[in-house]
Structures are given as structure tokens and as C-alpha cells.
Amino acid sequence: MIAAMVEEKIDTMETHITWAYIAKELNLTPSALSHFRKKKTELNFKSLLKLCKIVFPRKYIDVLADWTLILTKPSNVKVALEFLAANRKIDHLKSFHSKKETFTSKCTKELIEAYYTMIPHLESSFTSSHLPKITEKQKEVKSQEALVILEICEVYYYSTIGEIGNVVTNLEKVKNRLSLISDSLLNELYMNRIEEVESVVMLYNKADTVKARSLCEKIIKDESGFYCATFLADAYYRIGMSFLFESPDMCLKNLKKAKELYLKDNKEGSAKNIDKNEVTFAKIFWGLKILETDELEDSYTAFVLAKSDRKEEAIRVIKELNQDSPFTKYYSGIATGNNNELLESLLMFRNKGNYFYAQLPKLLLDECEDMKAIVKLILN
């Protein structure tokens, strides 16, 4: 099926592609290519992904997701499941689960079940009822790969409900178990999932921008970006945000790279949101020019006005927003010059566990000697 589908596609492509070219790009011997075309062998998953990117560059994720459902080699199925989860191909994961019993390998069956358990995370629908299910399955499985995925599910659960202490504890547990997985590719892909969560914790919960960047840079260098462009885009996004208080150029440069990768991965909504939110916020924070064509939400309009000499307008807009958030408290504190409002914003950010954005009111409060000791006490 796969070879026939490729054959049909390359015959109709405007850019002429031959099987000889494909063999060269995939580093296949004539014999290996012949066996693949005659359906006598199954290419490894990385070669299938390369093939898909060559022949179906604009929709390779969708095409390869369909191909995964006819794969039979256990080594391919393992990577295919991670590919589907990373690219949020939930329906395909469910299809794998529905045909789980067609596989003879117990380890493969357990891994399919583990990824099925991850679906609530992928759908952003975790509830308190999911944790007992995750921990119960951890006790049942024998496969180390399945156990790692289930432990990562537990990390995602605690991250969702904001229990950062449990996130950190369980991250270390998963790292230790990874040493038991001999497959180097799976080890790296699973590690990148861990590093992704850890970089979020380091950036937002610990405000450790150096450590967060280091973790994101490792993700960029590793294999995960080849299997899921969104992993790369998200890493560049966090690097960009990590520079918010340090360098507008580095902040905007990395956010631009993230936007380009989201667009390449057909994530137009994510790309648009970067311009609408993070880029706009960074420009206002640094006092950079906002184009007249930029559509500002009311909260950002309040931010712009608060930082200008139009304080009364800012206060009016903030009142009309009628939002009790740490950001609006921050804008109001700027507009009114009221340190108590800035302090309230700081407390709200801290109570949410967001020590990164707590730097916003902190920077202003630190300008007042009487407030420095209070700020230090709150954040330590």
C-alpha cells in the first residue's frame, strides 16, 4: 500500500522525483528499495518519515499517521505511537488501541495501552479520576517503555493541577527509569518529553531562565524536532519568553522562529497567537512601536495607556475590563503608581506558582527601598 501510494504520487508531481532519488535520500541499497516496493519488507520508521516528507511535504503528518496503522514491526510501532502522540493524532491512537489484540508482543500491547492512557492529556481533559487509573496501570505493566509513558502521564497530571512538587519528584523517577531503555531513539524521544516539562517548570515556576534555555536548546539539537515540529516550535517559544526581561531582540527573534515553525507544521492558530499575545506584550513591555495595523485586545490597550502619559484612560479601560487577574493588577499599579496594587499583583502571580511573570511587578517594586525586603520575603 505505501509503495503504491508513493508511486501514484510521484507520477503526478510537478517536481520530478524518481525512485533512484528517494533511495539516495533514504540511504537505501537497490536490494532494500526493491524489497520495499515489492512489499517484502517494512522500512524503519525514520526512513518512512523521510519518505513522507519528500513526497507529501505539506501533509506528511496526516499521511504518515495513516501509514502507522498498517505497520507491523514492533520497533516501528513503538516509534509510531510516540509520533502520533507528539503530533496529537488522537483518533489514530484510538485506532491502534482498538486493534491492540492483533499484535502478538505483550510489550507492544502494553505500550499501546499506555499511550491510550495519555489521551486525556492530549485532549486537555484530565480529571481527578485519571490518577488512580494511571497508577493502577503502572502496577500492571512489565514493559519499561510502557512504564515510562505511564509515569510521564502522571507528570502531566500533576502539571495540569499545578502540583509542582510532585511534578519535580516524578520527573526524577522517570529519568532514573530511562536508563533501563536500551533503544537509543526511544530513550531520546522520551527524554525530550521530560525536558519539555522540566523547561516549563524552570521557566515559569522557578524563574530559572538559564536552565530553561539550556533544556530547550537540547530539545532543538535532539531528534524530537524531526518527529514533531511542534516540539521544536515550543522550545523556541520558551527560549523567546525566557529573554522577556533581558533582551527584546533575542525575545522577538526566537518568537519569530517559533511562529515560522508553527506555520510550517500547519499550526496557523498557534502562529497567530504569538503575534497577538507574546510579541505584542514584549513590544509594549520594552516600549517598542506597536503598528497601527496591530489589533490590540483591551488588556493590551490598558498596558499601552498605563505606560504612557494617558493614565486616566488606562484606569477607565481597566475598570471596564472588570478582570481580577495579576496582569490587570499590574497594569493598574503602573497607571495609578500604587505600590499596593503592584504588591497584590505579585502575590497573585506567586499564588499561581508563576514566579516568572512575578518579575513584572517585582521590577517596579524593587525601585522602592521600602518594598525590596517585602518582595524578597514574598518570593523566597
Does K109 count as lying over the ring of F103, i.e. NZ or CZ under 6.0 Å from the six-ring centre, within 45 degrees of the axis?
no
Expected output: side-chain T169 to main-chain G165 donor-acceptor under 3.5 Å
yes
CZ on F126 to OG1 on T160, rounded to 0.5 Å
6.0 Å
Ring-face cation of R177 near Y190 (centre distance under 6.0 Å, axis angle within 45°):
no
Got a donor-acceptor contact below 3.5 angstrom from the Q138 side chain to the L147 backbone?
no
State, to 0.1 Å, how close M202 and L215 come at their nearest heavy-atom pair, and which atoms those are.
CG-CD1, 4.1 Å
Any ion pair linking D366 and K362 (charged N to carboxylate O, less than 4.0 Å)?
yes
Treat each ILVMFWY residue as a node, draw an edge where side-chain heavy atoms are under 4.5 Å apart, and state whether L43 and W67 are in one component.
yes
Sidechain N-carboxylate O distance under 4.0 Å for E367, K372
no
Atom of K89, atom of A65 and distance for their closest heavy-atom approach:
CG-CB, 4.0 Å
Heavy atoms from other residues, nucleotides or ligands near NZ of K218 exceed 12 (cutoff 6.0 Å):
yes
Under a 3.5 Å threshold, yes or no: a donor from one side chain and an acceptor from the other, between E42 and T72?
yes
For E312, does the CD atom have more than 12 heavy-atom neighbours from other residues, nucleotides or ligands under 6.0 Å away?
no
Under a 4.0 Å threshold between the charged nitrogen and the carboxylate oxygen, would E344 count as salt-bridged to K329?
yes
So do L64 and F83 actually touch side chain to side chain, heavy atoms under 4.5 Å?
yes
So, for F327 and Y357, is the gap between ring centers shorter than 6.0 Å?
yes
Above 12 or not: heavy atoms from other molecules or residues under 6.0 Å from NZ of K211?
no
Side-chain (T135) to main-chain (L131) donor-acceptor, under 3.5 angstrom:
yes
Heavy-atom check, side chain of Q359 versus side chain of F349, under 4.5 Å
no
Can you tell if the side chain of L364 reaches within under 4.5 Å of the side chain of M371, non-hydrogen atoms only?
no
Quick one: does V210's side chain get under 4.5 Å of R213's, heavy atoms only?
yes
Can you tell which of I181, I194, N187, L186 makes a side-chain contact (heavy atoms from CB on, under 4.5 Å) with V148?
I181
Hey, is the main chain of T127 close enough, under 3.5 Å, to the side chain of H130 for a donor-acceptor pair?
yes
Rounded to the nearest 0.5 angstrom, the CG-CZ distance for L360 and F245 is 4.0 Å
Are the side chain of E110 and the backbone N or O of S143 linked by a donor-acceptor pair below 3.5 Å?
yes
Taking K94 first and then E123, would you say they form a salt bridge - that is, a charged N and a carboxylate O separated by under 4.0 Å?
yes
Ring centre gap for F96 and Y116 strictly below 6.0 Å
no
How about H97 and Y115: do any of their side-chain heavy atoms sit closer than 4.5 Å?
no
Do R193 and E198 have side-chain heavy atoms sitting under 4.5 Å apart?
no
Indicate whether any N or O donor in one side chain lies under 3.5 Å from an N or O acceptor in the other, for S325 and T328.
yes
Is there side-chain contact between I54 and E25, with at least one heavy-atom pair below 4.5 Å?
yes
Hphob cluster co-occupancy, L26 + I2, side-chain heavy atoms under 4.5 angstrom:
yes
For A302 and A314, work out which heavy atoms get closest and say how close.
O-CB, 3.8 Å
Determine yes or no for a side-chain-to-main-chain donor-acceptor pair under 3.5 angstrom, with K206 supplying the side chain and L203 the backbone.
no
Is it true that a side-chain atom of E145 and a backbone atom of K78 form a donor plus acceptor pair closer than 3.5 Å?
no
Donor-acceptor contact below 3.5 Å, side chain N354 vs main chain R350
no
Measure the shortest side-chain to side-chain distance between K276 and E297 over non-hydrogen atoms and say whether it is less than 4.5 angstrom.
yes
Is there a donor-acceptor contact under 3.5 Å from the side chain of S247 to the main chain of F243?
no
Which atom names give the shortest non-hydrogen contact between I239 and C216, and what distance separates them?
CG1-CB, 3.6 Å
Considering only NZ, NE, NH1 and NH2 on the basic side and carboxylate oxygens on the acidic side, decide whether E320 and R316 come within less than 4.0 Å.
yes
Taking the cut-offs as 6.0 angstrom to the six-membered ring centre and 45 degrees off its axis, would you call K267 and Y262 a cation-pi pair?
no
If you count heavy atoms of other groups shown closer than 6.0 angstrom to CG of N27, is the number above 12?
no
My understanding is that only residues two or more places apart in sequence, or in another chain, count here; which of them pass side chain to side chain donor-acceptor pair (under 3.5 Å) with S332?
E341
Is it the case that more than 12 heavy atoms not belonging to K319 sit under 6.0 Å from its NZ atom?
no
Does Y355 form a ring-ring contact (aromatic ring centres under 6.0 Å, His included) with Y204? I'd like the steps, not just the answer.
CA-CA 6 Å; Y355 284 73; Y204 295 108; over 10 Å; no
Full working for side chain to side chain donor-acceptor pair (under 3.5 Å) between N277 and Y300:
CA-CA 9 Å; N277 296 308; Y300 294 136; 3.3 Å; yes
Please test D234 against I219 for side chain to side chain contact (heavy atoms under 4.5 Å, CB included), starting from the C-alpha separation and ending with a verdict.
CA-CA 10 Å; D234 289 348; I219 292 172; over 6 Å; no
Near-ring test F303/F285, centroid separation under 6.0 angstrom:
no
Spell out, yes or no, whether M250 and L261 are grouped together once hydrophobic residues are joined by side-chain heavy atoms under 4.5 Å, including indirect joins.
yes
Whether K99 side chain and L69 backbone form a donor-acceptor pair below 3.5 Å:
yes
